[in-house]
Protein chains: 2
Amino acid sequence: MPEHPTGHRPTLEAVAARAGVSRATVSRVVNGGAGVRQLVADKVREAVAELGYVPNPAARTLVTRRTGAVAVIIAEPEVRIFSDPFFSQQVRGISKELNAHDTQLVLLLVEGPEDYERIARYLAGGHVDGALAFSLHADDPLPAIATRIGLPTVYGGRPAWTPAPGGPAGVTYVDADNRGGARLAVRHLADRGRTRIAHIAGPGDMTSATDRLDGYRDALPPACPPMVAEGDYTVEGGARAMADLLERHPELDAVFAASDQMAVGALRVLRERARRVPQDVALVGFDDMRSVAECADPPLTTVHQDIEGMGRMMARLLLGALDRDRGGILAPTSLITPTRLVRRDSA
Amino acid sequence: MPEHPTGHRPTLEAVAARAGVSRATVSRVVNGGAGVRQLVADKVREAVAELGYVPNPAARTLVTRRTGAVAVIIAEPEVRIFSDPFFSQQVRGISKELNAHDTQLVLLLVEGPEDYERIARYLAGGHVDGALAFSLHADDPLPAIATRIGLPTVYGGRPAWTPAPGGPAGVTYVDADNRGGARLAVRHLADRGRTRIAHIAGPGDMTSATDRLDGYRDALPPACPPMVAEGDYTVEGGARAMADLLERHPELDAVFAASDQMAVGALRVLRERARRVPQDVALVGFDDMRSVAECADPPLTTVHQDIEGMGRMMARLLLGALDRDRGGILAPTSLITPTRLVRRDSA
DNA sequence: CGCGGCCCGGAGAGCGCTCCCGCAACAACG
DNA sequence: CGTTGTTGCGGGAGCGCTCTCCGGGCCGCG
């Protein structure tokens, strides 16, 4: 393949000259070749190969008004993105789906509130055809930006301003069945004879946390009083919440933690307080982060969700809207993926 | 701010008309405003604000031949990217630096060998001004592609075909002082009176692993015979390697694992075999992945490296070359960032 | 009061591509 | 044999921007 390190790259014009046809014909061949005789098309393709022609995306975008790229926007405090391969997995799912459709992934990491102006400018600039946005807190300015600009956007995780799953959505999002998963966890604990089941909840401004809390309340046996402490999805937060729970409710015999990270923190505190897991206190996590759940001691019973699949679904939804007659109409649907319990040793 | 959900966005022309000046003047103002009187510039800026004008990046790229974007290429088997927040951190460092220079981050995940053709096409297409590439194995086709195209590229981690650090580089890369860090770890174990120090190495085709192995050999006390088993940087691999070591060298009293993940695997096996850590066997990891090292039982003594800083440096190096008279000349330099020992309880 | 220099702003030529339209050439039909 | 339809290809306009000229005003200085 020829190279063009510094000298200008060949243009359509050059290919046309070489193949003895017009620019338009080369363009047709490059874009699928409909309406061109086999003979001519082959000649063009040969010229393309000889010159090492690659279309200039900027020129193409200028006229087609499509960029072939979507933004992935991740707004998450450092603490979580660091300790948690959640986004890596989700992004990988997205990437796989986008690759299959020759679409590029532009990563926008939100470091702080001041970044939103930059991101708004970027999205308004028409750099991308659509966006995938993650983990929005209640007051996140992003949705407003996206709708103002009219950018097709799919959300990962139920956005905070959205009614609980099942209700009318207003936006398109993909989420795990957090509530159902929490029910699974609590029911499992109850089935194992536990009657004092506590909950370590996630941050109250995140729907994944509140949905899991709702699931806990749903499945709690009538005789068992709700016992809840709030963590922040981190190991430290889980430890603090566990200590708090033990102080307030020393009689507890089971804990459902809203994340594996918090479960690990709880595990540490339980060990310090000489409560055996699962004999004295049974423990169930959430997320099934393998590197965390499997390596814990004892390995964590937890609720599994298909993270990569969720990423894939998000991308698929967006690409569908982008393809469909280029309208970018995104039917407001919520797609809830199932969760399941993975039994290990902690409960 | 006005919106333009569907109707066409305002162009330079429109702004010019509104401000009563020419296109060229508006362009000057938008790009810094040098050579324009204050009065006129203000008028233009007002028109820009009123119309909600945002420059069309495609049109700009078409003439300037700069995209304002760089590719981040991550080629790593799933197993590692999943379990390991390493890339999240590195990418975050890169993102911070790029944001500060109004440059976009296009993420290219390599899923398999067949993806390289797609990536080559993408890079050749001139979508990006430069690239940052990670964790290249010896036979990785990427460097060849990058040089053929003439794309300024900075590598993360010493590429396999490159001579050991210190020698002439040939390419630009940023890496942690793996060898020095390994020396630190082994020396620490020796200082604590250990005389039978084994090593769980990473995959032999990765320079981070071989450099750490070299450091282990450097610092091993003369009286201590080398005892090495190879893992693959995963928990499971670490467990297998530990089992192997215990079988071959039951007399060992210390282990230096080339990653925290593998150290956790080793920890599990040691516990199963009723060897106390650190009393019977002292253990040191590498990477200082906080979520892993801190949550292990006992918390891991490990070698810390500034991962986010490395990402930052990579971006800074690339941006420097991109700025410098737009030549994109990248002086082949290797930048080695220091490591340090973090003492916790495992050694 | 005149002239050279300087600074500000405008006109216009593209960047490389797509796509609409129009013109051939040929088949089919009355 | 003229007319219409069909298919294959070329011409040309234009996407929205930057940047190189170039001209016109205004200053200072002689």
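By convention in this document, chain letters (A, B, ...) are assigned in the order of the sequence lines, proteins followed by strands, and residues within each chain are numbered from 1. Quantities reported herein were computed from a predicted structural model and do not represent experimental measurements.
- Taking atom CZ of Arg66(A) as the reference point, atom P of dC17(C) lies 19 Å away to the nearest angstrom.
- Ranking dT18(D), dC8(C), dT18(C) by closeness to the Thr64(B) side chain, first place goes to dT18(D).
- Look at Ser27(A) and you won't find any side-chain N or O under 4.0 angstrom from OP1 or OP2 of dC17(C).
- The aromatic rings of Phe134(A) and Phe87(A) lie perpendicular to each other, with more than 60° between the two planes, well past the 30° mark.
- With rounding to whole Å, Glu13(B) atom CD is found 12 Å from dG14(D) atom C1'.
- One finds a side-chain N or O of Ser22(A) lying less than 4.0 angstrom from the OP1 or OP2 phosphate oxygen of dG10(D).
- Between dG10(C) and Thr25(B), a contact under 4.0 Å exists linking OP1 or OP2 to a side-chain N or O.
- The side chain of Arg23(B) lies closest to dT18(D) when the candidates are dT18(C), dT18(D), dG16(D).
- Side-chain nitrogen and oxygen atoms of Arg60(B) include at least one within less than 4.0 Å of the OP1 or OP2 phosphate oxygen of dT18(D).
- If you take CG of Asn56(A) and C1' of dC15(D), they are 13 Å apart, rounded to a whole angstrom.
- Of the candidates dT18(D), dG16(C), dT18(C), the closest approach to any side-chain atom of Ala59(A) belongs to dG16(C).
- Listed nucleotides dC17(C), dG16(D), dG10(C) differ in distance to Val63(B); the shortest reach to its side chain belongs to dG16(D).
- An OP1 or OP2 oxygen of dT18(C) is reached within less than 4.0 angstrom by no side-chain nitrogen or oxygen of Arg65(A).
- Distance, Leu12(B) CG to dG9(C) P: 16 Å, rounded to whole Å.
- With 3.5 Å as the limit, one finds a donor-acceptor pair spanning the side chains of Thr67(A) and Asp129(A).
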Where do Val70(B) and Val106(B) land on the side chain to side chain contact (heavy atoms under 4.5 Å, CB included) test, with the steps shown first?
CA-CA 6 Å; Val70(B) 309; Val106(B) 178; over 6 Å; no
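- Distances from the side chain of Ala24(A) to the nucleotides dC17(C), dG9(C), dG10(D) place dG10(D) closest.
- In this entry the distance linking CG of Leu62(A) with C1' of dC19(C) reads 13 Å, nearest Å.
- Distance from the side chain of Arg28(B) is smallest to dG10(C) among dC17(C), dG10(C), dC17(D).
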